[in-house]
Amino acid sequence: MSGPRAPKGTYDLLPDEAALRDDVVATAARVFGAHGYRRVVTPEFEETGLFERGVGEATDIVRKEMYTFEDKGGRSLTLRPEGTAPICRLYVEHGLHKWPQPVKLWYYCPMFRYERPQAGRYREHYQLGAEAIGSPAPEVDAEVIAMLAQLFAELGIGGLRLAVNSMGDPACRPAYVGRLREYLRGREDELCADCRERLELNPLRTFDCKVESCRAVLDEAPHIDEHLCPECREHFDTVLGLLRRVGLEPELDFRLVRGLDYYTRTTFEFSSDRLGAQSGVGGGGRYDGLVEQVGGPPTPGVGFGSGLERITLAMGAREAPGLGPAAFVVAFTDEVRGDAFVLAQGLRRAGLAVELDLAGRSAKGQLKQAGRSGAAYAVLLGLEELPPETVRVKALAGGGEEDVPAAGVAAWLTARKESE
RNA sequence: GUGGAGGUAGCUCAGUCGGUAGAGCUCCAGGUUGUGGCCCUGGCGGUCGCGGGUUCGAAUCCCGUCCUUCACCCCA
């Protein structure tokens with residue numbers, strides 16, 4: 001195959017796969033709606049500065065993964081690599097701080113990151129996400145986490161692990177980071193090259209290193225859990241308590257630091273062992289400084305993102321919904337092809353899903369198509385023994401036949417459909 | 001950006017020691033002159049990813065490249 005291909009790290013969804021995705025998104029719309037979240041749409045690209053300021057100059061996303069380009073007006077634009085910064089921009093730009101707080105929004109849209117593709121990772125991937133902006137209450141943290149858990153439950157995704165952590169806030173994190181850096185410097189010779197770099201750039205990120213020697217050093221390092229200020233401690237404990245009271249089992253994980261700079265206090269991640277190395281199905285956290293970071297007033301916020309591709313992977317193989325049409329109109333002779341077309345249109349106007357041969361097939365070929373389409377009935381036109389203006393309706397599952405006036409087929413089919 | 005595996009028909013794959021490309025499924029038609037599914041027969045369908053090299057001869061060996069895939073990094 002040497003023709004055009006989908007670009008590296010992108011993919012097509014064929015009808016069965018697209019139908020499955022529609023189901024997932026519809027479920028999300030229902031679950032999120034039940035929690036009072038409303039959908040918003042933001043542009044596929046933003047001013048580059050939004051992500052540089054919002055996501056953080058030190059993050060991998062900004063340093064090496066953005067699809068950045070200059071338009072003909074000389075503006076530097078970037079294909080959206082993540083969803084939270086644009087939502088915060090939207091919140092500020094449209095003055096949503098005047099709405100009752102918190103403002104609860106959700107989105108479903110593609111994200112773009114220049115990375116090497118692997119299982120569950122694409123250069124263009126779709127995320128379902130939600131953000132609750134404008135309230136510092138721990139109930140909001142618990143709500144977004146519980147809402148995502150509810151979505152996964154309704155989709156039938158089992159075996160998920162919920163990891164949570166608290167990253168502290170401006171009152172306690174700087175002191176902790178200093179303490180951690182000091183500790184790591186003392187054992188620098190035991191760290192891998194990457195971690196030595198992280199030590200200066202962002203010591204917290206040494207926590208998710210997988211090198212054995214580093215893990216040993218980090219196990220004995222001061223953990224943020226023990227260095228939270230009283231306010232962060234209380235917030236975190238409240239979140240954990242609420243999650244437990246609604247039946248979730250959050251596992252404390254001091255390694256869960258996440259690679260985006262904007263997180264404060266709560267961070268969380270759902271992971272599945274059905275996914276390979278990229279096991280995170282959805283995750284997020286609190287970002288109390290982000291709205292201010294993108295030019296708004298000091299405003300707290302919490303949210304998550306969840307990858308559609310990983311959701312469907314975690315759901316495993318599913319039968320395609322594959323609901324067939326109500327009827328397939330079959331022309332037994334070429335003379336009645338026009339009549340078949342007119343009849344099909346009439347049935348469709350009556351609200352029925354109807355198919356018709358469009359490839360000049362023989363009667364046998366048309367019946368074959370009818371069977372394959374999953375249609376409940378075949379409507380046969382052009383049979384010699386039938387009186388004029390009469391058609392024969394054949395049940396494709398059972399095989400029974402009945403002659404019906406052409407004008408009455410719509411009513412006949414509708415009645416059968418409703419009695420099912 | 002780094003490393004491993006792999007690219008042959010629309011799909012899943014076979015192809016021996018280097019000798020000029022096959023199967024199953026799908027699709028179309030016929031068997032059944034007017035009734036789908038099962039069965040049988042036939043047909044359509046290939047730049048063997050691409051480029052170069054070795055050779056009388058390359059799907060097969062060598063080099064490069066692109067793509068896929070798995071992992072690292074990091075995220076969803």
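Every heavy atom of this structure was used, including side-chain atoms; hydrogens, water molecules and symmetry mates were not. Just so it is clear: chains get the letters A, B, ... in the order the sequence lines come, proteins before strands, and each one is counted from 1. These numbers were taken from a predicted model, which means no experiment stands behind them.
Nucleic acid contact class of G120(A) (heavy atoms, under 4.0 Å, all strands): base. Residue contacts for V330(A): at a heavy-atom cut-off of 4.0 Å it reaches no nucleic acid atom on any strand shown. At a threshold of 4.0 angstrom between heavy atoms, the contacts of G374(A) with the nucleic acid are absent. At a threshold of 4.0 angstrom between heavy atoms, the contacts of Y122(A) include nucleobase atoms, whether or not backbone atoms are also involved. Looking at heavy-atom distances under 4.0 Å, A363(A) makes no contact with the nucleic acid at all. Among the heavy atoms of the strands, none lies under 4.0 Å from S272(A). Using a 4.0 Å heavy-atom criterion, one finds that G283(A) contacts the sugar-phosphate atoms exclusively. No contact: E82(A) has no heavy atom under 4.0 Å from any strand. As judged by a 4.0 angstrom heavy-atom cut-off over every strand, R116(A) is placed among the base-contacting residues. Counting any heavy atom pair closer than 4.0 Å across all strands shown, E269(A) reaches no nucleic acid atom.
Taking atom P on both rG1(B) and rC44(B), the two are 45 Å apart, rounded to the nearest angstrom. Nucleotides rG24(B) and rC61(B) have their C1' atoms positioned 30 Å apart, rounded to a whole Å. rU16(B) and rA76(B) have their P atoms separated by 47 Å, with the value rounded to a whole Å. Annotation: rG49(B) and rA58(B) have their P atoms spaced 15 Å apart (nearest Å). Comparing the C1' positions of rG37(B) and rU33(B) gives an interatomic distance of 22 Å, to the nearest angstrom.
For the pair E384(A) CD and rU33(B) C1', the computed distance is 11 Å after rounding to whole Å. For the pair L386(A) CG and rU35(B) P, the interatomic distance rounds to 14 Å; values are reported in whole Å. At whole-Å resolution of the value, CE in M66(A) and C1' in rA76(B) are 18 Å apart. One atom, CZ of R121(A), and another, P of rG1(B), lie 14 Å apart when rounded to the nearest Å. Protein atom CG of L260(A) is 17 Å distant from nucleotide atom P of rC73(B), rounded to whole Å. Summarising the geometry, the separation between CG on D60(A) and P on rC72(B) is reported as 14 Å, rounded to the nearest angstrom. Rounded to an integer number of Å, the gap from Q366(A) CD to rC28(B) P is 12 Å. Atoms CD (E335(A)) and P (rG34(B)) sit 12 Å apart, rounded to a whole Å.
The side chain of S362(A) contributes an N or O atom lying less than 4.0 Å from OP1 or OP2 of rG30(B). Regarding contacts with the backbone of rU68(B), a side-chain N or O of K8(A) is found under 4.0 angstrom from either OP1 or OP2. The shortest distance between the side-chain N/O atoms of K210(A) and the OP1/OP2 oxygens of rC72(B) is below 4.0 Å. Between R361(A) and rC28(B) there is a side-chain polar atom (N or O) within less than 4.0 angstrom of OP1 or OP2. One finds a side-chain N or O of Q118(A) lying less than 4.0 angstrom from the OP1 or OP2 phosphate oxygen of rA71(B).
Donor-acceptor pairing under 3.5 Å, judged by distance alone, is present between the side chain of Q278(A) and the base of rC74(B). In terms of polar N and O atoms assigned as donor or acceptor, the side chain of R392(A) comes within less than 3.5 Å of the base of rU35(B) in a complementary pairing.
Remark: R39(A) fails to qualify as a cation-pi partner of F32(A) under the 6.0 Å distance and 45° angle criteria applied to the six-membered ring. Annotation: cation-pi pair R21(A)/Y126(A) present, NZ/CZ under 6.0 Å from the ring centroid and within 45° of its normal.
Pair assignment for rC72(B): rG1(B), on the basis of Watson-Crick or G-U wobble contacts that are both within less than 3.5 Å. Under the Watson-Crick and G-U wobble criteria, each requiring two contacts below 3.5 Å, nucleotide rG42(B) is paired to rC28(B). Using N1 to N3 plus N6-O4 or O6-N4 for Watson-Crick, or N1-O2 and O6-N3 for G-U wobble, each under 3.5 Å, rG19(B) pairs with rC56(B).
Residue T10(A) is the one, among T10(A) and L308(A), whose nearest nucleotide of RNA chain B lies closer to the 5' end (criterion: closest heavy atom). Nearest-nucleotide mapping onto RNA chain B: of V257(A) and A397(A), the residue sitting toward the 5' end is A397(A).
Minimum atom distance to the side chain of K364(A) is reached by rG31(B), of the listed rG31(B), rG3(B), rG34(B). Side-chain proximity of Q127(A) to the nucleotides rU35(B), rC74(B), rA76(B) is greatest for rA76(B).
Note: F152(A) and F270(A) have perpendicular aromatic rings, judged against thresholds of 30 and 60 degrees for the angle between ring planes.
When all heavy atoms of Q366(A) and V330(A) are compared, the pair lying nearest together is OE1-CA, 3.4 Å.
Ring-centre distance between Y11(A) and Y122(A): below the 6.0 Å cut-off.
Contact annotation: the side chain of T267(A) never approaches that of V257(A) to less than 4.5 Å [non-hydrogen atoms, C-beta and beyond].
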